[in-house]
> 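The structure's right below; bear with me while I get my questions together.
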Amino acid sequence: MERTLKHSKQRDALLALLKSVKCHPDAEWLYAELKKDYPKISLATVYRNLSLLVEQGEAISLDVGDGSIHYDAQTFDHNHFFCKCCRGLTDIGQDEADGIDSLLEERYGVRIDSHSFVFYGLCRECNKSENQTKQ
């Protein structure tokens, strides 16, 4: 049963902020940014509204194992890359994973509604720096 939510300027501002950034911020970063325009907003309000946005399908949450939950307003199936060095989290192409849903459905008799892959390693900049250090 879907609950009816009353309109919230703070939730609207949170979603607008989340949609405006390319990074995948955590709640604390979003809180710090929102506090500039909403000085009375609490961190608990940000967490509660993030939870509601995820529940309503307007955002996704990502746990990449770095101790923070990251959020993304792009809710379509797409994949991410997490750099273990600089801790950057970025979107990566979907084309590479196209077809895996149907392959797995056929092989295991399951129905896949969505997917999200997180790849781990070194981003281009960190990889370049590490290679230069080794030379």
Side-chain angles (χ1 to χ4, degrees):
M1 182 166 113
E2 195 173 309
R3 55 182 159 158
T4 306
L5 299 175
K6 66 179 184 174
H7 182 78
S8 163
K9 283 192 243 178
Q10 293 173 336
R11 188 168 42 256
D12 290 347
L14 176 60
L15 183 57
L17 175 59
L18 197 52
K19 285 181 175 183
S20 74
V21 296
K22 291 192 186 269
C23 64
H24 298 77
D26 61 16
E28 288 79 11
W29 185 90
L30 292 162
Y31 167 69
E33 290 298 308
L34 285 173
K35 192 110 173 117
K36 296 171 185 174
D37 292 323
Y38 296 90
K40 293 185 178 186
I41 195 169
S42 71
L43 183 56
T45 297
V46 171
Y47 274 109
R48 185 174 53 257
N49 281 303
L50 283 168
S51 179
L52 288 170
L53 290 172
V54 170
E55 182 182 310
Q56 297 293 315
E58 296 185 73
I60 60 172
S61 61
L62 299 157
D63 184 350
V64 296
D66 67 344
S68 294
I69 303 297
H70 300 266
Y71 295 90
D72 191 347
Q74 295 183 36
T75 58
F76 57 87
D77 284 348
H78 65 288
N79 306 309
H80 297 89
F81 180 83
F82 179 73
C83 180
K84 297 188 300 183
C85 181
C86 69
R87 300 169 54 99
L89 180 62
T90 57
D91 293 329
I92 58 172
Q94 179 61 23
D95 295 343
E96 293 82 359
D98 278 352
I100 197 164
D101 291 3
S102 56
L103 174 73
L104 294 174
E105 286 177 340
E106 185 177 311
R107 183 172 290 166
Y108 297 104
V110 298
R111 187 187 86 211
I112 297 173
D113 295 325
S114 67
H115 71 263
S116 175
F117 297 113
V118 179
F119 297 90
Y120 297 84
L122 296 180
C123 68
R124 180 174 295 159
E125 291 77 23
C126 292
N127 192 33
K128 186 193 284 186
S129 294
E130 186 175 276
N131 286 336
Q132 288 174 349
T133 306
K134 288 181 181 178
Q135 293 177 357

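No hydrogens, no waters, no symmetry mates; every other heavy atom, side chains included, goes into these values.
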> According to a 4.5 Å side-chain heavy-atom criterion applied to Ile, Leu, Val, Met, Phe, Trp and Tyr, with indirect links allowed, do Val118 and Phe81 form part of one hydrophobic cluster?
no

> What's the spacing between Lys22 NZ and Leu89 CG if we round to 0.5 Å?
14.0 Å

> So does Phe76 have more than 12 non-hydrogen atoms from other groups sitting under 6.0 Å from CZ?
yes

> For the atom pair CG (Asn49) and CG (Asp12), what is the distance rounded to the nearest 0.5 Å?
9.0 Å

> Could you pull out all residues at least two apart from Glu125 that satisfy side-chain contact (heavy atoms from CB on, under 4.5 Å)?
Cys123

> Check whether any side-chain heavy atom of Tyr120 sits under 4.5 Å from a side-chain heavy atom of Val64, and report yes or no.
yes

> Nearest heavy-atom pair of Ala27 and Leu50: which atoms, and what distance?
CB-CD1, 3.7 Å

> Within the distance-only criterion (no hydrogens, no angle test), does the side chain of Ser20 pair as donor or acceptor with the backbone N or O of Leu17 below 3.5 angstrom?
yes

> For His80, what residues pass the ring pair (Phe, Tyr, Trp, His ring centres under 6.0 Å) criterion, not counting sequence neighbours?
His24, His78

> How about NZ on Lys35, more than 12 heavy atoms from neighbouring residues, nucleotides or ligands closer than 6.0 Å, or not?
yes

> Would you please test Phe117 and Ile100 for side chain to side chain contact (heavy atoms under 4.5 Å, CB included) and show each step?
CA-CA 11 Å; Phe117 297 113; Ile100 197 164; 4.0 Å; yes

> Please report the shortest heavy-atom distance between Tyr38 and Ala13, naming the atom on each side.
CE1-CB, 3.5 Å

> If you measure from CD1 on Ile112 to CG on Leu104, what distance do you get to the nearest 0.5 Å?
4.5 Å

> Report yes or no: do Leu53 and Tyr31 belong to one cluster of Ile/Leu/Val/Met/Phe/Trp/Tyr joined by side chain heavy-atom distances under 4.5 Å?
yes

> How would you list, by chain and number, every residue that makes a side chain to side chain donor-acceptor pair (under 3.5 Å) with Lys36, sequence neighbours excluded?
Glu33

> Could you tell me whether the side chain of Asp77 and the main chain of Ser114 form a donor-acceptor pair under 3.5 Å?
no

> List the atom of Val54, the atom of Ser61, and the distance in Å for their closest heavy-atom pair.
CG2-N, 4.1 Å

> Do you see a donor-acceptor pair shorter than 3.5 Å between the side chains of Ser51 and Arg48?
no

> Do Leu15 and Leu43 belong to the same hydrophobic cluster, where Ile, Leu, Val, Met, Phe, Trp and Tyr are linked whenever their side-chain heavy atoms lie under 4.5 Å apart, directly or via other members?
yes

> Which atom names give the shortest non-hydrogen contact between Glu28 and Tyr47, and what distance separates them?
OE2-OH, 2.5 Å

> At their closest point, which heavy atom of Asp63 faces which heavy atom of Ser68, and how far apart are they?
OD1-O, 4.3 Å

> Could you check Trp29 against Val21 for side chain to side chain contact (heavy atoms under 4.5 Å, CB included), going step by step and ending with a plain yes or no?
CA-CA 11 Å; Trp29 185 90; Val21 296; 3.7 Å; yes

> For the atom pair NZ (Lys128) and CG (Leu122), what is the distance rounded to the nearest 0.5 Å?
14.0 Å

> Taking atom NE2 of His70 and atom CG of Leu30, what is their separation to the nearest 0.5 Å?
11.0 Å

> Let me confirm one number: the CG-CG distance from Leu52 to Leu14, rounded to the nearest 0.5 Å.
10.0 Å

> Does the side chain to side chain contact (heavy atoms under 4.5 Å, CB included) test come out yes or no for Asp91 and Asp72, once each step is laid out?
CA-CA 10 Å; Asp91 293 329; Asp72 191 347; 3.6 Å; yes

> Treating Asn79 as the side-chain partner and Ile92 as the backbone partner, does any N or O pair qualify as donor plus acceptor under 3.5 Å?
no

